[in-house]
Amino acid sequence: IVGLGKGENLLASDVPALLAHSREVYFLEDRELAVLFRDHVDLYTDQGERIIRDPSHVDWDIEAAEKGGYPHFMLKEIHEQPKALSDTLRPRLAGHDINFDEINFDAAWAVSAWASAPRVLITACGTAWHAAMVGKYAFEYFARIPVEVDIASEYRYRNPVFNAGDIFIVVSQSGETADTLAAMRLIKKGGGRVLAVTNVVGSTLAREADLVLYTWAGPEIAVASTKAFTTQLMCLYLLALKLGKLRSQISDDDFSRYLDALETVPGKAEQILSNTGMIQRFASRQFSKGKVFFMGRQFDYALGLESALKLKEINYTHSESFAAGELKHGPIALVDTDTLVVTIATQRNLFDKIISNIREVKSRGASTLVITWQGEEAFSSVADEVFTIPDAPDCFSPLLA
């Protein structure tokens, strides 16, 4: 990043480092050179050809890149999720429809391409891959279209089979993830049109993709992603609903009902974050466990993948996630009195099966925590502790759980 100042010009690796000095920046492309002088900046290709380009304006609030009274950035960003979810959702609601300013879904080519596509391919890394896993369930649920989710580092190094008519989505918080960029370039080389979901305006991913959907999460400083993940989920839910409508797989009444439910999510997230005492007390009793397993089914399984990653990243506890139906196929061999098993249980039609899984791990001495809907009594007699989240359609549980 090159920042254009008054009587000075600056070089940095990312936007937040420059915010106190400049809002006008050049985003350098691969194989470009910048020569900085006090009063101007010259841009060149690596062949020495002069580049003429208008700078980009950054409108981030500088306070958003500071801790704002929180002891560290991650806690600040956890508590910024309700606003980030609202900022991502509200501008895209137009009455009882979804409107993407960045993407003209009403254009003839878009209607044809999205409505007739044989498959959706989503590729990403790490946390963004876990968001993509939730997206897989959402696209199949709302749009009834086959979805393949690939880890970008695997996709780029194999010889993937795809059709240029597929819907290609790449997800990256920074827009600079090397493996994700390589996967996108591979798809584009094969004739595919790529939609990027990213948070950073002017990032390489945003510049090279055919279409871009911004999450509007604001700057995320902490390494362990919080609001970028939940806003990625929100974007993928909106895309899945829009595709379901384009493909006539969802009725107008259901479409409106789901949009109404999404509108309540930021407020419900705020409600959860204002009542964290029981979470802190539970953690104080369980912090010495040697390993933590997360299990769930359907949407809950997808969210469990991210939950286990967060525990690894934040406090280096050994943590794994698995689909609850796979408990007997290996994971149960490691369950003992040194294990905490967290069960995400929000898919109401599968409660009986989840209860059976909880009983199995308890019989081997594990401590158990269940995350489920407010008012549900199904787990009070089988789990050691139950956390509840405000009620919503089962399919939207990852946004709250």
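Any value given below was found using the heavy atoms of this structure, including those in side chains, with hydrogens, waters and symmetry copies removed.
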Legend entry - Reported CD1-to-CG distance for the pair I272 and L400, which is rounded to 0.5 angstrom: 4.5 Å

Legend entry - Close side-chain approach of T372 and I354, heavy atoms under 4.5 Å: no

Legend entry - L19 side chain reached by V58 side chain, heavy atoms, under 4.5 Å: yes

Legend entry - Lys/Arg N to Asp/Glu carboxylate O, K227 vs E80, below 4.0 Å: yes

Legend entry - More than 12 heavy atoms from other groups under 6.0 Å of OH on Y316: no

Legend entry - E270 and K83 ion-paired at < 4.0 Å: no

Inset, instruction - Would you name the heavy atoms of A143 and R247 that are closest together and state the gap between them? - result: O-NE, 3.6 Å

Inset, instruction - Working to the nearest 0.5 Å, report the span between OG of S172 and CG of N199. - result: 9.5 Å

Inset, instruction - Carefully, step by step, assess K6 and E24 under the rule salt bridge (charged side-chain N to carboxylate O under 4.0 Å, His left out). - result: CA-CA 11 Å; K6 294 182 179 178; E24 303 300 316; over 6 Å; no

Inset, instruction - Would you indicate whether the side-chain heavy atoms of D46 and E32 approach each other to under 4.5 Å? - result: no

Inset, instruction - Determine, step by step, whether D391 and K268 satisfy the salt bridge (charged side-chain N to carboxylate O under 4.0 Å, His left out) criterion, reporting the C-alpha distance in whole Å, the side-chain angles of both residues, the deciding distance to 0.1 Å, and the verdict. - result: CA-CA 9 Å; D391 196 36; K268 290 175 179 177; over 6 Å; no

Legend entry - V342 side chain near S307 side chain, heavy-atom distance below 4.5 Å: no

Legend entry - L4 vs Y26 side-chain heavy atoms within contact, under 4.5 Å: yes

Inset, instruction - Look at D150 together with K136 and state whether they make a salt bridge at an N to O cut-off of under 4.0 Å. - result: no

Inset, instruction - Kindly compute the distance separating CG (L236) from CD1 (I122), expressed to the nearest 0.5 Å. - result: 5.5 Å

Legend entry - Flag side-chain contact, heavy atom, 4.5 Å: I389 against W373: yes

Inset, instruction - Could you tell me whether D260 and R257 make a salt bridge, using a distance below 4.0 angstrom between a side-chain N and a carboxylate O? - result: no

Inset, instruction - Taking the six-membered ring for Trp and the full ring for Phe, Tyr or His, determine whether the centres of Y301 and Y137 are under 6.0 Å apart. - result: no

Legend entry - For A269 against L85, the heavy-atom pair lying closest together: CB-CD1, 4.2 Å

Legend entry - R297 backbone acceptor or donor facing Q347 side chain under 3.5 Å: no

Legend entry - R158/E154 salt bridge by N-O under 4.0 Å criterion: no

Inset, instruction - Kindly indicate whether the side chain of E360, heavy atoms from C-beta on, has any atom under 4.5 Å from the side chain of K328. - result: yes

Legend entry - Side-chain touch D300/M295, heavy atoms, less than 4.5 angstrom: no

Legend entry - Check: Y155 side chain, A182 main-chain N or O, donor-acceptor pair, under 3.5 Å: no

Legend entry - Short N-O contact, D210 and K188, less than 4.0 angstrom: yes

Inset, instruction - Check for a donor-acceptor pair, side chain of D166 on one end and backbone N or O of F168 on the other, with a separation under 3.5 Å. - result: no

Inset, instruction - Assign the ring pair Y214 / W216 to parallel, tilted or perpendicular, where the plane angle (0 to 90°) is split at 30° and 60°. - result: tilted

Legend entry - Heavy-atom donor-acceptor pair, K245 side chain to A240 backbone, under 3.5 Å: no

Inset, instruction - Check for a donor-acceptor pair, side chain of E220 on one end and backbone N or O of A228 on the other, with a separation under 3.5 Å. - result: yes

Inset, instruction - Determine whether more than 12 heavy atoms belonging to other residues, nucleotides or ligands lie under 6.0 Å from atom CZ of R359. - result: no

Inset, instruction - For N99 and A94, indicate whether the former's side chain and the latter's backbone hold a donor-acceptor pair under 3.5 Å. - result: no

Inset, instruction - State the OG-CD1 distance between S321 and I344, to the nearest 0.5 angstrom. - result: 7.0 Å

Inset, instruction - Would you please indicate yes or no on a ring centroid separation below 6.0 angstrom for F255 and H96? - result: no

Inset, instruction - Would you check, one step at a time, whether the test side-chain contact (heavy atoms from CB on, under 4.5 Å) holds for S367 with Q286? - result: CA-CA 8 Å; S367 299; Q286 299 291 335; 3.6 Å; yes

Legend entry - Distance, nearest 0.5 Å, that separates CD1 of I151 from CZ of R156: 14.0 Å

Legend entry - Evaluation steps, salt bridge (charged side-chain N to carboxylate O under 4.0 Å, His left out), between R50 and D42: CA-CA 8 Å; R50 187 74 176 269; D42 293 333; 2.9 Å; yes

Inset, instruction - Assess whether salt bridge (charged side-chain N to carboxylate O under 4.0 Å, His left out) is satisfied between E140 and R144, documenting all intermediate values. - result: CA-CA 4 Å; E140 292 182 348; R144 307 303 300 149; over 6 Å; no

Inset, instruction - Determine whether the side chains of N315 and T317 contain a donor N or O and an acceptor N or O closer than 3.5 Å. - result: yes

Inset, instruction - Given side-chain hydrogen bond (donor to acceptor under 3.5 Å, both in side chains), test T230 with Q81 step by step and report yes or no. - result: CA-CA 7 Å; T230 45; Q81 286 178 101; 3.1 Å; yes

Legend entry - Where K242 and D97 come nearest, the two heavy atoms and their spacing: NZ-OD1, 3.4 Å

Legend entry - G3 backbone acceptor or donor facing S22 side chain under 3.5 Å: no

Inset, instruction - Flag the pair E385 and R285 as a salt bridge only when some basic side-chain nitrogen lies within less than 4.0 angstrom of an acidic carboxylate oxygen. - result: yes

Inset, instruction - Kindly give the heavy-atom pair with the smallest separation between K362 and T368, and that separation in Å. - result: CG-CG2, 3.5 Å

Legend entry - T388 side-chain N/O to Q374 backbone N/O, donor-acceptor pair under 3.5 Å: no

Legend entry - Basic-acidic side-chain contact under 4.0 Å: R38, E8: no

Inset, instruction - Determine whether the side chains of S225 and Q173 contain a donor N or O and an acceptor N or O closer than 3.5 Å. - result: no

Inset, instruction - Using only heavy-atom distances, determine whether the side chains of S203 and E176 contain a donor-acceptor pair under 3.5 Å. - result: no

Legend entry - Sub-6.0 Å ring centroid separation between F142 and Y258: yes

Inset, instruction - With side-chain contact (heavy atoms from CB on, under 4.5 Å) as the test, would you mind laying out the steps for L241 and I98 before giving the verdict? - result: CA-CA 8 Å; L241 282 165; I98 299 168; 3.8 Å; yes

Legend entry - Under 3.5 Å: donor-acceptor pair, side chain of D394, backbone of R348: yes

Inset, instruction - Quick one: pull up CG in L305 and NZ in K310 and give me the separation to the nearest 0.5 Å. - result: 11.5 Å

Legend entry - Least distance between heavy atoms, C235 atom then T88 atom: SG-CG2, 3.6 Å

Inset, instruction - Give the intermediate values and the outcome of ring-ring contact (aromatic ring centres under 6.0 Å, His included) for residues H130 and F229. - result: CA-CA 8 Å; H130 298 152; F229 174 69; 7.4 Å; no

Inset, instruction - Evaluate the side-chain contact (heavy atoms from CB on, under 4.5 Å) criterion for residues L205 and V197: first the C-alpha distance (whole Å), next the side-chain angles of each, then the deciding distance (0.1 Å), finally the verdict. - result: CA-CA 9 Å; L205 195 72; V197 177; over 6 Å; no

Inset, instruction - Heavy atoms only: give me the nearest L239-L195 pair and the separation to one decimal. - result: CD1-CD2, 3.7 Å

Inset, instruction - Look only at the side chain of S256 and the backbone of D252, and say whether a donor-acceptor pair between them is shorter than 3.5 Å. - result: yes

